[in-house]
4 protein chains.
Amino acid sequence: MISLNYRDSRPIYEQIRDELRKLVVSGAIAADEKLPSVRALAAQLAINPNTIQRAYNQLESEGYVYSVPGKGSFAAVMDDAVAARKKELLEQVGELLRELRSLGATAEELVAFTQAVTGKEERHD
Amino acid sequence: MISLNYRDSRPIYEQIRDELRKLVVSGAIAADEKLPSVRALAAQLAINPNTIQRAYNQLESEGYVYSVPGKGSFAAVMDDAVAARKKELLEQVGELLRELRSLGATAEELVAFTQAVTGKEERHD
Amino acid sequence: MISLNYRDSRPIYEQIRDELRKLVVSGAIAADEKLPSVRALAAQLAINPNTIQRAYNQLESEGYVYSVPGKGSFAAVMDDAVAARKKELLEQVGELLRELRSLGATAEELVAFTQAVTGKEERHD
Amino acid sequence: MISLNYRDSRPIYEQIRDELRKLVVSGAIAADEKLPSVRALAAQLAINPNTIQRAYNQLESEGYVYSVPGKGSFAAVMDDAVAARKKELLEQVGELLRELRSLGATAEELVAFTQAVTGKEERHD
DNA sequence: GTGGTCTAGACCACG
DNA sequence: GTGGTCTAGACCACA
């Protein structure tokens, strides 16, 4: 369900956080569905439970997850969270596109690229 | 000419490196034009010269700058470096677009966004 | 494991970088094997940890090593890196051979020299 | 007669020294032939005479040149100097070949390379 | 304990 | 004055 890359420059807890966020926000883990327990995930990935806990804490403070003490962690209802994440991603895309323009890339070129990438992708839902 | 953001998670030397790379690759600093000296830039930004040196070293090893000991650092002639940088940026854009698609963004929506961003930009020449 | 030569014109961090690169690329340090820690190597060689760090940073940016903060530095899997290094070395040999030819050395003489050097070497496997 | 490359990592005086040494040792400047005067060469290359002087001083201390105060600098008789230079170059080649062997290059491969490089070269005398 | 970043201050080679 | 190297010492995030 989750894979680690020790050569990634990102710390492990960020890799876990980012992968879980993707799963929740994309609906792969449905609203109110239970996430794997800290200890179970730690055992599966063969890492320290503290590292998993840190990822869960961040996801909770970001609003993607809520935890019920003694029960576990559950995917939050995604409505404005998805919208917020989309806005965040669009800002990043915008910044990159602006730099590309300043490097001489034409609007046509970039639009064509966007069409190619977004069109050929398979639907994930 | 360069601004620092101490709240940015990126280390200072990376911020400087990235900003200078933009200036060189976009032509704002022309080929063979002299960059500010290590000491001058360090004084202006009120940081340690070693930190500037580190940014300059990386830019040199990346090929964006060449330095002549005793004379200064100069912008390299950008040919394939611009192309390489564009490819790098496009890859990043592609990755973000794919995540946006998986969040439910439609191809039409993203293409329209690209048009809006790239079209409304002023010409830089 | 590594020896320094203070009379060498090359800076210390380059000597360390070059020796470690040899160890990694020759397989003396196997893929994913841990390199000595920055502090340990610094203590052993009686030099500043920053100098070691610099060598490690360059090796990482060259792709010969990957580092996991908090865990250590590890030898990268060498595939095309070895090929690239061989090409680099052959270019250097070619340049030297051309200068030798211009000094009057005959092709036969140089070929014989190559045979002597490459033949008398012990096998490393 | 001599060309400078400001992007070369070698300092200018080394570039001049190396090029002049090649000219002398290869016979392009015959024994006892006068080298260009310090001031003339400085003017031609548009650099500081001190830089030229340093190159000449090193060539003299290496024995490739002798200077007659008030007259100029002259190419020394090359006999053992050429032999010494050849020995130096062969040592460098040997070191590189050994590293290539440790990277898995076969003796046959390297001999073939030597033949190709030394054979296809045009005669320079 | 590990790698990573930064500072302060020094010395060197170069032009 | 310029870039380049090195030291000593400090702090941080990570596991």
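Order of the sequence lines sets the chain letters (A, B, ...), proteins ahead of strands, with each chain counted from 1. All values below were derived from every heavy atom in this structure, side-chain atoms included, with hydrogens, water molecules and symmetry-related copies excluded.
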Rounded to whole Å, the CZ-P distance (D:R54 to E:dC12) equals 14 Å
With heavy atoms under 4.0 Å as the rule, sort C:Y13 into base, sugar-phosphate or nothing. sugar-phosphate
Within a reach of under 6.0 Å around CD of A:E95, are more than 12 heavy atoms found that belong to other residues, nucleotides or ligands? no
By nearest nucleotide on DNA chain E, pick out whichever of B:I47 and C:L35 is the more 5' one. C:L35
Look through every strand shown and name the nucleotide pairing with F:dC6 as Watson-Crick or G-U wobble, where both distances are under 3.5 Å. E:dG9
With a 4.0 Å cutoff (strictly under), does any side-chain N or O of B:S37 reach OP1 or OP2 of F:dG1? no
Find which nucleotide of DNA chain E each of C:Y56 and B:V68 is nearest to by heavy atoms, and output the residue with the more 5' nucleotide. C:Y56
B:K71, nearest nucleotide to its side chain (from E:dC14, F:dT5, E:dG15): E:dG15
Could you give the distance from CD1 (C:I52) to CG (C:L20), rounded to the nearest 0.5 Å? 8.0 Å
Can B:K87 and B:D80 be counted as an ion pair, charged N to O under 4.0 angstrom? no
Short side-chain N/O contact to E:dG9 OP1/OP2 from B:N48, under 4.0 Å: no
For F:dC14, give the paired nucleotide (Watson-Crick: N1-N3 plus N6-O4 or O6-N4; G-U: N1-O2 and O6-N3; both under 3.5 Å), or none. E:dG1
Whole-Å distance separating the CG atom of D:D8 from the P atom of F:dG3: 18 Å
In whole angstrom, give the distance that lies between atom OH of C:Y66 and atom P of E:dG4. 13 Å
Looking only at the side chain of A:I12 (C-beta and beyond, no hydrogens), which of the listed nucleotides F:dC14, F:dG3, F:dA15 gets closest? F:dA15
Contact class for C:E60 (heavy atom, under 4.0 Å): base, sugar-phosphate, or nothing? sugar-phosphate
Take atom OH of B:Y6 and atom C1' of E:dT5, then tell me their distance rounded to the nearest Å. 13 Å
I'd like to know if the side chain of B:Q15 and the backbone of B:N5 have a donor-acceptor N/O pair within less than 3.5 Å. yes
Could you state the CD-C1' distance from C:Q58 to E:dG3, rounded to the nearest angstrom? 16 Å
By nearest-heavy-atom nucleotide on DNA chain F, the more 5' of B:S67 and A:R10 is B:S67
Please determine whether a side-chain nitrogen of the Lys or Arg among B:E88 and B:R85 lies less than 4.0 Å from a carboxylate oxygen of the Asp or Glu. yes
What does D:N50 touch in the nucleic acid at a heavy-atom separation under 4.0 angstrom: a base, only the sugar-phosphate, or nothing? nothing
Nearest-nucleotide wise, let me know which of B:S73 and A:E14 is further upstream toward the 5' end of DNA chain F. B:S73
Provide, to the nearest angstrom, the distance between the CG atom belonging to C:L45 and the P atom belonging to F:dT7. 10 Å
Quick one: the side chain of C:R39 and the base of E:dG1, do they pair up donor-acceptor inside 3.5 Å? no
Just by modelled atom types, is the B:V38 backbone N or O under 3.5 Å from a matching donor or acceptor in the B:Q53 side chain? no
Given atom CG of C:L41 and atom C1' of E:dG4, what is their separation to the nearest angstrom? 17 Å
Using a cut-off of less than 4.0 Å, is there contact between a side-chain N or O of C:Q53 and OP1 or OP2 of E:dG4? yes
What is the separation between atom CG on C:N57 and atom P on F:dT5, rounded to the nearest whole Å? 14 Å
State whether B:T51 places a side-chain N or O below 4.0 Å from either non-bridging phosphate oxygen (OP1 or OP2) of E:dT7. yes
Quick note, D:P11 side chain, CB onward, closest among F:dA15, E:dG15, F:dT5 is E:dG15
